[in-house]
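Order of appearance sets the numbers: ligands from 1, and atoms from 1 within every ligand. These numbers were taken from a predicted model, which means no experiment stands behind them.
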Amino acid sequence: MTTMVKKLFLCALACIAFTTATADEGMWLPSLIKERINDMRKMGFKLKAEDIYSDTKASLKDAVVQFGGGCTGEFISAEGLLLTNHHCGYSSIQKLSSVEHDYLTDGYWAKSRAEELHVPGLTVSLLVKMEDVTARLAAGEKEQDIIASATKGDGYRASIESMYYGNQHYLFVYRTYRDVRLVGAPPSSIGKFGGDTDNWIWPRHTGDFSVFRVYANAENGPADYSESNVPYRPARHFPISTAGLKEGDFTMIYGFPGNTQEYVTADAVDYVSEVSNPMKIALRTMRLDIITEAQSKDVATRIAYAAKHANIANAWKKWQGESLGLKRLGTAAKKREYEKAFSQWAAGNERYATLLDSMHAAYKAVIPHYFARELFNETVQGMEFFNYAYWFYLNSFVKGEKLTADKQAEARRKYLKDYNVNIDRAISRRMLSEYLGRMPKEEVPAPLAAAVESAGGAEAFVDSMFASTLLLTEYPLTREKITADPMVQFAGWFADALAKNRRYAYRNLSNVPAVEKWYRTYMQALREWDKERAFYPDANFTLRVAYGTVTGYENADGEYHTHLTTLDGIMAKDNPEIYDYNIPQSLRDIFASKDYGRWSIEKSGKPTIPVCFLASNHTSGGNSGSPVLNAKGELIGINFDRTWRSTMSDIEFDPSICRNISVDIRFVLFVMDRIGGAGYLLNEMNIK
Ligand code: ARG
Ligand code: GLU
C-alpha cells in the first residue's frame with residue numbers, strides 16, 4: 001500500500017470508531033481553552049479565551065467554586081451570593097433543620113443577612129491558578145516543594161494532578177473559604193420534585209437549586225465563622241440572562257467533573273458493561289427492594305430511609321443507562337477495531353508493538369482483585385452495621401483507644417443514623433449470601449467461612465449475629481463487651497481484605513497502577529498515531545469547560561424530546577397523594593391565577609413559566625451545580641443531571657443522544673421571588 005492509501009485505510013477504521021472530538025464532546029482544561037476558542041466562536045460564543053481563564057486578570061473562572069466535597073457552585077453577586085443544586089446543599093440544609101424548623105420540607109429564606117445560617121464544616125474552594133508543571137517535575141523539582149511554595153497564606157491549598165495517565169502534571173492552587181452560610185432553599189417539593197422517580201429522566205421538572213453566601217474577613221480572605229465576617233467580594237460574578245433560550249443556542253458549562261475514562265481499551269469496556277455494572281445493579285436491586293417494601297408499610301421508615309434510598313438508587317439507575325448505552329453504541333467492538341488498526345500501525349515500532357498485549361495481560365491480572373473490591377463494597381459495606389462495628393474494631397483493637405461514652409455516642413450518630421434493625425438484618429442476610437456466592441473462595445476470610453458453616457448457612461449466621469450482639473442496643477459498651485461482640489469480630493475478619501482493597505481503590509479500573517503505567521505509553525502512542533483526534537484529559541475533579549448547544553433529541557423512533565419543560569408539566573404531575581409530586585399550595589394558586597408577572601413566557605400561545613432545559617454539553621458527576629452560560633458568558637441555568645441513557649458518555653460520548661439537564665435560571669428566580677418571598681435577593685444580582 002502507498003502511504004496515502006494506508007492512511008485512508010487507517011482513517012476508515014479509526015474514523016468510524018472515533019470522529020475527532022466535535023463541539024459537544026470534551027471536557028477542556030480552562031488554561032488551554034485557546035485551542036478550542038475558534039470552534040467555540042464558530043458555534044456562537046462571543047468572548048475570548050482570556051475571558052474564560054486568566055491567572056493574571058479577573059476571568060469567568062473567578063465566579064466558579066468547588067462546593068463542599070464534590071459539587072460545583074457559582075457567584076451571582078458582588079457580595080458573595082452563591083448558587084448550587086438543592087441536592088448539593090441537601091446535607092447542609094438537613095444539618096440546620098430540626099423538628100420545629102424543618103427547612104428540608106418547608107424551605108428556608110433568610111429575610112436579612114443576620115438570618116443567613118452558618119453551616120459548620122461547609123467550605124467552598126476557588127481556583128487561584130493552574131499551571132502545567134510537567135517540565136518542572138522532569139527537571140527534578142519535588143512535588144512537595146512546588147506545593148509548599150504555592151500555598152503561602154491563609155486558606156491556600158494545592159495539589160498536583162495527573163493528566164493523560166501521568167503524561168502531564170498540573171498544579172492546581174485553591175483558596176478555601178470556611179464561613180459559608182445558607183441563604184435560602186426551596187421546599188423539597190420543588191427542590192427535589194420528582195424524587196428518585198424522575199432522577200436521570202427527561203422530561204424533568206425539578207427546581208434543583210439552593211442559595212448560599214460566602215463570608216470573609218476584612219481583607220476578603222478566608223476566616224473561621226465570626227459575626228464580624230463580611231460577605232466575600234468575588235473578582236467576578238455571573239450576570240444573569242432572562243432573555244430565554246432556543247434550540248441551537250450556544251451553551252457552556254464551567255465546573256468540576258469527577259471521573260471519566262474515554263481512552264480505555266475494549267477490555268475495560270467489557271468489564272464495566274458485562275461484569276461490574278450487572279453485579280452492582282443486581283445487588284442494589286435487592287437492597288432497594290427490601291428498603292422499598294419496608295417504606296411502603298410505614299411512614300416513619302419512608303422518611304428515615306429516604307436519603308439512603310436516594311443514594312443507592314442514584315448510581316443504580318446511572319449504571320443501567322451506561323450499560324445500555326455502551327451496548328447500543330457497540331463501544332467495545334468499535335474499540336477492538338480501533339485497537340486492531342493501532343496494532344497494525346504499531347507492529348514495526350519497538351516501543352509500541354507489544355503494548356496492547358501488555359495491557360491485556362495487566363487487565364487479566366488486576367480484574368479479579370478489582371472485582372473483589374467492588375463486590376465487597378456492594379455487599380459487606382452495604383450492611384449498615386458493618387462500618388459501625390468496624391469503627392469499634394479499628395479504634396479499640398487496632399489503635400487501642402479507650403472508647404469513652406462520648407466517642408461511642410458520636411459514632412452511633414454517624415453510623416446508625418435513621419437506623420432500622422429489621423431492614424439491616426434483611427439486607428445483611430441477603431448480602432452475605434450474595435457475597436459468599438459470588439466471591440472467589442480464596443478471597444473469603446477463613447474465620448467467616450468456618451462460622452457460616454457451623455451456623456448452617458449465611459442467613460442463619462446473620463440471624464445469630466443480630467440476636468446476640470449488644471452493639472445495636474447497649475451503650476456505652478465496656479471493653480470486655482466490645483471484645484466479645486459478634487459484629488465486632490465479624491468486622492475484624494475483613495481487616496486484611498480491607499487493607500488489600502485499598503490497593504485497588506482507584507477512581508476506576510484503568511487507574512490501578514499496574515494498568516495505568518501502560519496507559520501512559522498508550523496515550524503517547526495514540527497521539528503519534530491518531531493525529532486528527534482532539535484529546536482532552538479524563539475528568540478528575542479539576543476545573544473544566546464543556547460546550548455545546550441547547551437541544552432536544554430523538555428519544556425513540558419518531559419521538560422527539562423537546563429542550564424545554566414548563567410549569568404546565570409540573571401541574572400535570574402534581575398529585576397530593578404521591579410524596580414526590582406533591583407541590584406547595586402556593587404554586588397551585590399561582591398556576592390557577594396565571595399571574596406570572598415578569599416570569600411569564602409564551603408556549604403554544606399560552607402563558608407559562610420555564611422550568612428545565614436540555615443541552616448537549618459533556619458533563620459528569622461533580623458537574624452538579626455548575627453554571628450553564630450563554631454565548632455572552634451570562635448565566636442561563638444550573639446543571640444538575642444527565643438523562644440516564646446518556647451516562648455512557650463517561651466512556652463514549654454520543655452527540656446524538658447525550659444530554660445534560662439544567663434548571664432554567666428563570667425558574668430559580670421565580671421560585672425565590674414568588675414562592676420564597678425573597679425577591680429582595682434579586683436586587684443584588686445583575687439581571688439582564
Ligand atoms: N442524578 C443526579 C446526580 O447524579 C441527581 C442526584 C440527586 N437526586 C436524587 N433524586 N437522588 O447527582
Ligand atoms: N447529579 C450529578 C452530580 O451530582 C450530575 C449528573 C451527572 O452525572 O452528569 O454531580
Check the side chains of W200 and N314 for a donor-acceptor pair under 3.5 angstrom, ignoring hydrogens and angles. yes
Please classify the S620 to ligand 2 contact at 4.0 Å (heavy-atom distances, strictly less than): side chain, backbone, both or neither. backbone
Between E374 and Y271, is there a side-chain donor-acceptor contact under 3.5 Å, judged purely by atom types and distance? yes
Atom 7 (C) of ligand 2: of H618, R642, K318, the nearest heavy atom sits on R642
Contact atoms of ligand 2, heavy-atom distance to N623 under 4.0 Å: 10 (O)
D102 side chain near L104 side chain, heavy-atom distance below 4.5 Å: yes
For ligand 2, which atoms, with element, lie under 4.0 Å from some heavy atom of H87? 1 (N), 3 (C), 4 (O)
For atom 8 (N) of ligand 1, the protein heavy atom that lies nearest, with its residue and separation: N199 OD1, 3.9 Å
Are R36 and W28 in a cation-pi contact, defined as NZ or CZ under 6.0 Å from the six-membered ring centre and within 45° of the axis? yes
Atom 2 (C) of ligand 2: nearest protein contact (heavy atom, Å): S624 OG, 2.9 Å
Is the NZ or CZ atom of R373 positioned over F376's six-membered ring, under 6.0 angstrom from the centre and within 45° of the axis? no
Nearest non-hydrogen protein atom, atom 2 (C) of ligand 1: D641 OD1, 3.3 Å
What protein heavy atom sits nearest atom 10 (O) of ligand 2, and how far away is it? G622 N, 2.6 Å
Side-chain heavy-atom pair S92, F212 within 4.5 angstrom cut-off: yes
Does W200 approach ligand 1 within less than 4.0 angstrom via side chain, backbone, both or neither, non-hydrogen atoms only? side chain
So is G621 touching ligand 1 or not, going by heavy atoms under 4.0 Å? no
Which segment of K318 sits under 4.0 Å of ligand 1 when only heavy atoms are counted: neither
K192 heavy atoms, cut-off 4.0 Å: which ligand 1 atoms fall inside? 10 (N)
Would you mind listing which atoms of ligand 1 come within a distance below 4.0 Å of any non-hydrogen atom of G195? 10 (N)
Do T542 and N540 meet the criterion of a side-chain donor-acceptor pair at a distance under 3.5 Å? yes
Answer yes or no for R302 and Y579: cation-pi contact, defined as NZ/CZ to six-membered ring centre under 6.0 Å and angle to ring axis within 45°. yes
Is there a donor-acceptor contact under 3.5 Å from the side chain of R645 to the main chain of N555? yes
Is F256 touching ligand 2 with its side chain, its backbone, both, or neither, if touching means heavy atoms under 4.0 Å apart? neither
Of all the non-hydrogen atoms in the protein, which one sits nearest to atom 11 (N) of ligand 1, and at what distance? D196 OD1, 3.2 Å
Give yes if a backbone or side-chain nitrogen or oxygen of C71 is under 3.5 Å from a nitrogen or oxygen of ligand 2, and no if not. no
Of the protein's non-hydrogen atoms, which lies at the shortest distance from atom 12 (O) of ligand 1, and what is that distance? H87 NE2, 3.3 Å
So, does F640 sit close enough to ligand 1 that a heavy atom of it is under 4.0 Å from the ligand? yes
For E293, is the CD atom crowded, meaning more than 12 foreign heavy atoms sit under 6.0 Å from it? no
Could you check whether K317 makes a cation-pi contact with W644, meaning its NZ or CZ is under 6.0 Å from the centre of the six-membered ring and within 45° of the ring axis? no
Any side-chain heavy-atom pair of I76 and H237 under 4.5 Å: no
Could you tell me, atom by atom, which parts of ligand 1 come under 4.0 Å of a heavy atom of N314? 1 (N), 2 (C), 3 (C), 4 (O), 6 (C), 12 (O)
